[in-house]
Amino acid sequence: MKRVLVVEIIDINVHLGLKLYPTSAEYPLRNFVLNPAYKYGCECCVDGFYQQYMKYPDKPRLGIYNVRCRIPPQVEVYRQIEKGIVGLILNPINHSFSLKDERVLELIKIVEKEDLPLLVYTGRGYGNPSHLKPYLSRVPYLILIHSGYPNYINEAMELAKEEKVFFEISMVPPEISIVFRGKRIYGSNYPYTPIDLRLLNLHGLDEKEKSLYAKKIFKL
């Protein structure tokens with residue numbers, strides 16, 4: 001009988017809804033955090049948050065908010081908090097807003113008050129990690145989705161020494177992610193990106209990066 005090595009890994013970037021997460025012996029990953037952000041540009045306030053909640057009510061999930069939404073964040077984000085979100089994600093790239101927008105500060109006030117980690121899409125367009133510096137003192141944790149890749153690697157590296165900043169590695173080549181060694185956190189971007197467990201070896205993630213950071217940050 002072929003033995004399967006089950007490695008504890010927490011995947012913090014899973015867009016369920018299009019496909020189920022693979023749970024066969026070939027894919028021995030069990031724990032994940034749902035990300036409601038759409039792959040393509042969407043001007044809606046919350047992307048797929050409520051669809052995910054109705055389909056997977058018992059899974060840990062991220063909230064999401066578009067600062068261009070007509071519904072105030074004090075209303076919408078607290079609706080999502082009541083549904084048990086474990087963090088809040090901003091998608092300035094697909095939602096087309098600047099992280100310097102004064103409305104972002106309203107969200108920062110909420111994550112600070114509610115002790116929620118903040119996750120931000122980075123790497124292209126408005127996703128410049130350097131624009132997040134003014135908020136660092138106010139967020140419990142900051143996770144840079146895609147680690148600033150491909151266009152803002154240097155800007156992401158400027159934040160690498162900050163204790164509360166972590167670097168999600170989906171779509172990031174292993175030779176790039178290595179510069180953030182010790183501060184990485186696993187995310188697959190599934191199903192938009194196929195899961196390839198061989199990448200875990202190529203990235204050389206340690207146990208903290210595979211699961212322990214996620215447990216601490218998201219209180220799993």
Side-chain angles (χ1 to χ4, degrees), residues 10-14 32-37 47 60-67 73 77 80-81 85-95 97-172 176-177 179-189 203 205-206 208-220:
I10 297 177
D11 188 339
I12 69 156
N13 189 8
V14 176
F32 53 82
V33 177
L34 291 174
N35 177 353
D47 285 6
R61 70 192 63 255
L62 301 173
I64 191 168
Y65 184 79
N66 181 352
V67 301
V77 175
Q80 298 178 36
I81 288 173
I85 61 175
V86 297
L88 184 70
I89 192 163
L90 299 182
N91 191 349
I93 297 172
N94 284 357
H95 288 165
F97 65 83
S98 170
L99 291 168
K100 294 181 176 181
D101 191 311
E102 61 183 13
R103 293 172 291 184
V104 173
L105 182 58
E106 296 303 308
L107 292 166
I108 299 301
K109 291 177 181 178
I110 293 174
V111 299
E112 180 181 28
K113 180 180 178 180
E114 301 301 327
D115 194 33
L116 291 172
L118 179 68
L119 298 87
V120 181
Y121 274 88
T122 63
R124 296 180 288 109
Y126 288 114
N128 186 337
S130 66
H131 295 168
L132 294 165
K133 289 181 181 179
Y135 309 129
L136 287 181
S137 64
R138 307 191 65 168
V139 300
Y141 294 102
L142 173 64
I143 298 177
L144 305 183
I145 300 293
H146 308 325
S147 302
Y149 181 80
N151 297 329
Y152 297 124
I153 296 297
N154 291 334
E155 288 81 357
M157 288 178 63
E158 293 176 5
L159 302 181
K161 293 182 179 180
E162 299 287 343
E163 184 177 355
K164 61 176 64 177
V165 178
F166 294 86
F167 302 86
E168 188 268 353
I169 64 168
S170 66
M171 301 177 66
V172 182
I176 298 295
S177 84
V179 302
F180 303 111
R181 176 181 285 171
K183 299 296 299 294
R184 298 169 296 178
I185 189 166
Y186 177 68
S188 69
N189 202 41
H203 283 282
L205 301 180
D206 63 26
K208 289 183 178 180
E209 295 171 319
K210 289 178 182 177
S211 63
L212 296 182
Y213 286 147
K215 286 182 177 180
K216 177 181 179 181
I217 293 170
F218 300 108
K219 303 174 183 177
L220 300 177

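Here, residue 1 is the first one in the sequence, and each next residue gets the next number. Predicted model only: the values in this text are computed from it and were never measured.
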Please find the pair of heavy atoms, one from [X] and one from [Y], that lie closest to each other, and give the distance.
X	Y	value
Tyr121	Ala37	OH-CB, 3.7 Å
Gly125	Tyr152	O-OH, 2.8 Å
Leu220	Pro60	CD2-CB, 3.9 Å
Ile10	Ser211	CD1-O, 3.7 Å
Tyr126	Leu99	O-CD1, 3.7 Å
Pro140	Lys164	O-CB, 3.5 Å

Considering only heavy atoms from C-beta outward, does the side chain of Phe97 approach that of Leu90 to under 4.5 Å?
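Contact flag for Phe97/Leu90 side chains = yes.
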
Is the backbone N or O of [Y] less than 3.5 Å from a side-chain atom of [X], with the two atoms forming a donor-acceptor pair by type?
X	Y	result
Lys183	Glu162	yes
Gln80	Ile64	yes
Arg184	His203	yes
Lys219	Val86	no
Glu209	Asp206	yes

Can you confirm whether the side chains of Asn189 and His146 place a donor and an acceptor under 3.5 Å from each other?
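Not at all, the side chains of Asn189 and His146 share no donor-acceptor pair under 3.5 Å.
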
Please name the residue in the list [options] that meets the side-chain contact (heavy atoms from CB on, under 4.5 Å) test with [X].
X	options	answer
Leu62	Val33, Ile85, Leu34	Val33
Ile145	Val172, Leu119, Ile93	Leu119
Pro73	Asn66, Val67, Leu107	Leu107

Using a strict threshold of under 4.0 Å (side-chain N to carboxylate O), is an ion pair present between Glu106 and Lys109?
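Yes, Lys109 and Glu106 are salt-bridged.
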
